[in-house]
Participant: 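I am attaching a structure below and will ask some questions about it afterwards.
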Amino acid sequence: MSELIQAVLESEEKNDLRSFLSELRHQDKKYLLRNDILNVYNEYCTNYQKPEHFGSSSNLGKLIYYTQEIIQDISGFCFIIRPKIATQEVYRLTDDLNVEPMSVQELLDLRDRLVNRFHPNEGDLLELDFGPFYDYSPVLRDPKNIGKGVQLLNRYLSSKLFQDPKQWQESLFIFLSLHQYNGIQLLINNRIQSQQQLSQQIKAAIAFVSSRPSQEPYEEFRFQLQTMGFEPGWGNTAARVQESLEMLDQLIDSPDPQTLEAFISRIPMIFRIVLVSPHGWFGQEGVLGRPDTGGQVVYVLDQARNLETQLQEDAVLAGLEGLNVQPKVIILTRLIPNSEDTLCNQRLEKVHGTENAWILRVPLREFNPNMTQNWISRFEFWPYLETYAIDAEKELLAEFQGRPDLIVGNYSDGNLVAFLLARRLDVTHCIIAHALEKSKYLFSNLYWQDLEDKYHFSLQFTADLLVMNAANFIISSTYQEIVGTPDSIGQYESYKCFTMPDLYHVVNGIELFSPKFNVVPPGVNENYFFPYTRTEDRVESDRRRIEQMLFTLEDSAHIFGKLDDPSKRPLFSMARLDRIKNLTGLAECFGQSQELQEYCNLILVAGKLRVEESTDNEEREEIVKLYRIIEQYNLQGKIRWLGVRLSKTDSGEVYRVIADHQGIFVQPALFEAFGLTILEAMISGLPTFATQFGGPLEIIQDQVNGFYINPTHLEETATKILNFVSKCEQNPNYWYEVSQQAINRVYSTYTWKIHSNKLLSLARIYGFWNFISKQNREDLLRYIEALFYLIYKPRAQQLLEQHKYR
Ligand code: UDP
Ligand code: LCN
């Protein structure tokens, strides 16, 4: 039995539990989520005059704290308890306090019953279980190591080399013989014919290079090495070649995880990368994705640039300069014929500031021109992806003049295309979620049938399940994206067990303890976003122009509001006007606090100023709401709202000008998967107050380099900001201290250099693992393919039929 329930039942609190259940019974809601549970507990504590605490002194409090859901039916209550991260226990509690564990199947049936979708007489529902496929691979034990999968993998691989040296050394030898660049053999040539020979030759080669001056360029002794069986790829100087050979020598003699990681990370096996982000409005000017893909576009563009730079540096270090190596990165996206004055109808566009990174736009096949000539919402995009992947494959092969070495998917749609491409091309496959919709929309799976017309979650969640299992590795921006926090479940975790009533039950959707998960956060473009103190890199005329635009310029077409006192400290925020970004919540928080208005002005860079200018329903609603709040709280003279789309150069300068005025950045989203604006603000030197729901919880260390806010508690948020402001008034140094800490945090942890280095190292290690564990994965991939054809494809086809008549 659950330790937590047992503790309650064996203590004096047994009666308290009984009273709490009675409180629950009187609720209208039969399905309570954590917040509801806490509210009922709160009520219970008030009604029964009990102190409300979740600490160690109350077992009931602890039980409530760890209970994620309570479902009530005629026979009692089902408690879904999450006693620790990534672990779920389910119990049925009857009225007479009898406790029985429930199986996952029973839980899913109960959920179906609750929405009147339980039909046991019509036969069993399809059950999806990915669990058995993970029997072959290592799993982590401690949840705190989730997201550091590569460490376990290195330990596992090196122990295999140790336990079964013959077979594993042979595999390593074959792996090393495989690498080529444009038909030129790398690392080992055919003078070395076997693993034993390799072992001997390494020692000879080490003796040879150690006799050369350490900084001697590789080109000077290239031919001697070649006669010994070694081709380019070991290093650019005698010292580096020696180091690489010694690592390999050590791996053969006494393998250890660190050497394995360091050695495999050096192998020149990646020159061509595809970053898949198909859904469109992907460009460098005048476009910012569309709802919910803004950050993704910024992320992928910066990633492409930095991967190219890293690949170039790696090629130099590997000693490949003489081979005229030109790494290539292609961002694969959709060509949109009706491109609304953007370049999204252009097939090929070079990524600014790169030598060989490109945006390749491939059109959808023309099923119904009304649809396929235009932008298609991410919720409707599913039927086009399979044929898109087939067409994209041909174009990629032509552009690369061969196969890519790594395919990285982005978001659910891109991840599916990446899977189809990787399967056909047999290439290492990585996925990035950015934001999984399942946990974003409450009960999205339970009520999927009611939401299907608008959101088509049956396709999206099926695609998500398939790709997260198919991928060789997954990178996430935060730990909590995978497994949440002690009191909230992670985005990937929400795929572990769920029902799609009448479609399928997922009893084990993903192995959260698999080493495939790695946390690799993004960085920020340091050419555009840098500290306000770096005056030498700022353009004075830009600074003046932006300052005017933010505080004084009158331009009714794009700017709303005239400040009574522009010298007050600016509270600044910038985001698209989505409901979830909650800029209206920030305006309301500001509106409700006279004191905040006394000390600060509110400055928002957000969306558009007029409903007529927007085509997005959510944005239109938010525009109306923002005007209503301004009127309700009489904020005229205290707020400026800029409905402008800024270039990157300008948005960088905007943050810095706000910092010149000792301003504050506030990110009030109801949920933020990661939050690139937070990095941008912090690196610029802005003290930042950001939502505690999502990624910011990991980016910021509360009260050290920024502050958490609960954007649903307006008064508390205002007080937090005011405390900071008054501390700054009393001690002018305080603002500078927090500002400097914010800058330090980004440079130490969130740079694209760290990101691309790590991503490429992972790609090589998982590529190696993929090579040696191929047979073990084939059954999983076949299962995934079957689900793709049997569930995904017919549903996609149905949606396509609907699109034909639009
Ligand atoms: N952004 C912008 N102009 C705007 C709003 C946002 O340039 O009016 C940029 C912002 O600088 C950031 C990105 O869009 O680089 C938003 O990314 P984030 O991760 O914060 O949120 P998302 O839009 O992906 O939900
Ligand atoms: C999507 C989001 O919702 C943001 O939180 C992220 O920062 C962005 O993608 C980039 O990953």
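Atoms within a ligand are numbered from 1 in the order they appear, just like the ligands themselves.
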Participant: Considering K581, Q667, E672, Q296, which one's heavy-atom position lies nearest to atom 2 (C) of ligand 2?
Facilitator: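 Residue with the shortest heavy-atom distance to the ligand atom: E672.
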Participant: Tell me the contacting part of Y299 for ligand 2: side chain, backbone, both, or neither, using a 4.0 Å heavy-atom threshold, strictly below.
Facilitator: side chain
Participant: Between Q662 and Y532, does any side-chain donor sit less than 3.5 Å from a side-chain acceptor?
Facilitator: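 No, because no side-chain N or O of Q662 sits under 3.5 Å from a partner of the opposite role on Y532.
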Participant: If you measure every N or O of K581 against every N or O of ligand 1, does any of those distances drop under 3.5 Å?
Facilitator: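 N/O-N/O distance below 3.5 Å exists for this pair.
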Participant: Looking only at the aromatic ring of each residue, does the gap between the centers of F707 and F689 stay below 6.0 angstrom?
Facilitator: yes
Participant: One thing to verify: whether E526 and K753 come together as a salt bridge, which I'm taking to mean a side-chain N less than 4.0 angstrom from a carboxylate O.
Facilitator: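 E526 and K753: not salt-bridged.
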Participant: Judged by non-hydrogen atoms, does K648 sit under 4.0 Å from ligand 1?
Facilitator: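 Yes, that is the case, since the closest heavy atom of the residue is under 4.0 Å from the ligand.
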Participant: So, do I623 and E619 sit near enough that their side-chain heavy atoms are less than 4.5 Å apart?
Facilitator: yes
Participant: Taking atom types as modelled and ignoring hydrogens, do the side chains of Y411 and Q296 form a donor-acceptor contact shorter than 3.5 angstrom?
Facilitator: no
Participant: Is the centre of the Y299 ring less than 6.0 Å from the centre of the F674 ring?
Facilitator: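 Ring centroids of Y299 and F674 are no less than 6.0 Å from each other.
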Participant: I want to know if ligand 1 touches G295 in the polar sense, i.e. an N/O pair below 3.5 angstrom.
Facilitator: yes
Participant: Are F461 and F457 an aromatic pair by the rule of ring centers under 6.0 Å?
Facilitator: yes
Participant: Have a look at ligand 1 and work out which part of H434, if any, has a heavy atom under 4.0 Å from it: side chain, backbone, both or neither.
Facilitator: neither
Participant: Could you tell me, atom by atom, which parts of ligand 2 come under 4.0 Å of a heavy atom of L676?
Facilitator: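 Counting atoms of ligand 2 from 1, those under 4.0 Å from L676 are 7 (O).
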Participant: With atom 7 (O) of ligand 2 as the reference point, say which of G695, G675, A669, G295 has the nearest heavy atom.
Facilitator: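 Ranked by closest heavy atom to atom 7 (O) of ligand 2, first place is G675.
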Participant: Show the atoms of ligand 1 that are less than 4.0 angstrom away from any heavy atom in E680.
Facilitator: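 In order of number, 10 (C), 11 (O), 12 (C), 15 (O).
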Participant: Hey, is ligand 2 close enough to S477 that some N/O pair sits below 3.5 Å?
Facilitator: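 The answer is no, given that S477 and ligand 2 share no N or O pair closer than 3.5 Å.
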Participant: State whether R544 and E547 are salt-bridged, where the test is any N-O pair (Lys NZ or Arg NE/NH1/NH2 against Asp/Glu carboxylate O) under 4.0 Å.
Facilitator: no
Participant: Minimum distance, heavy atoms only, to atom 19 (O) of ligand 1: which one of V298, L676, D302 is it?
Facilitator: L676
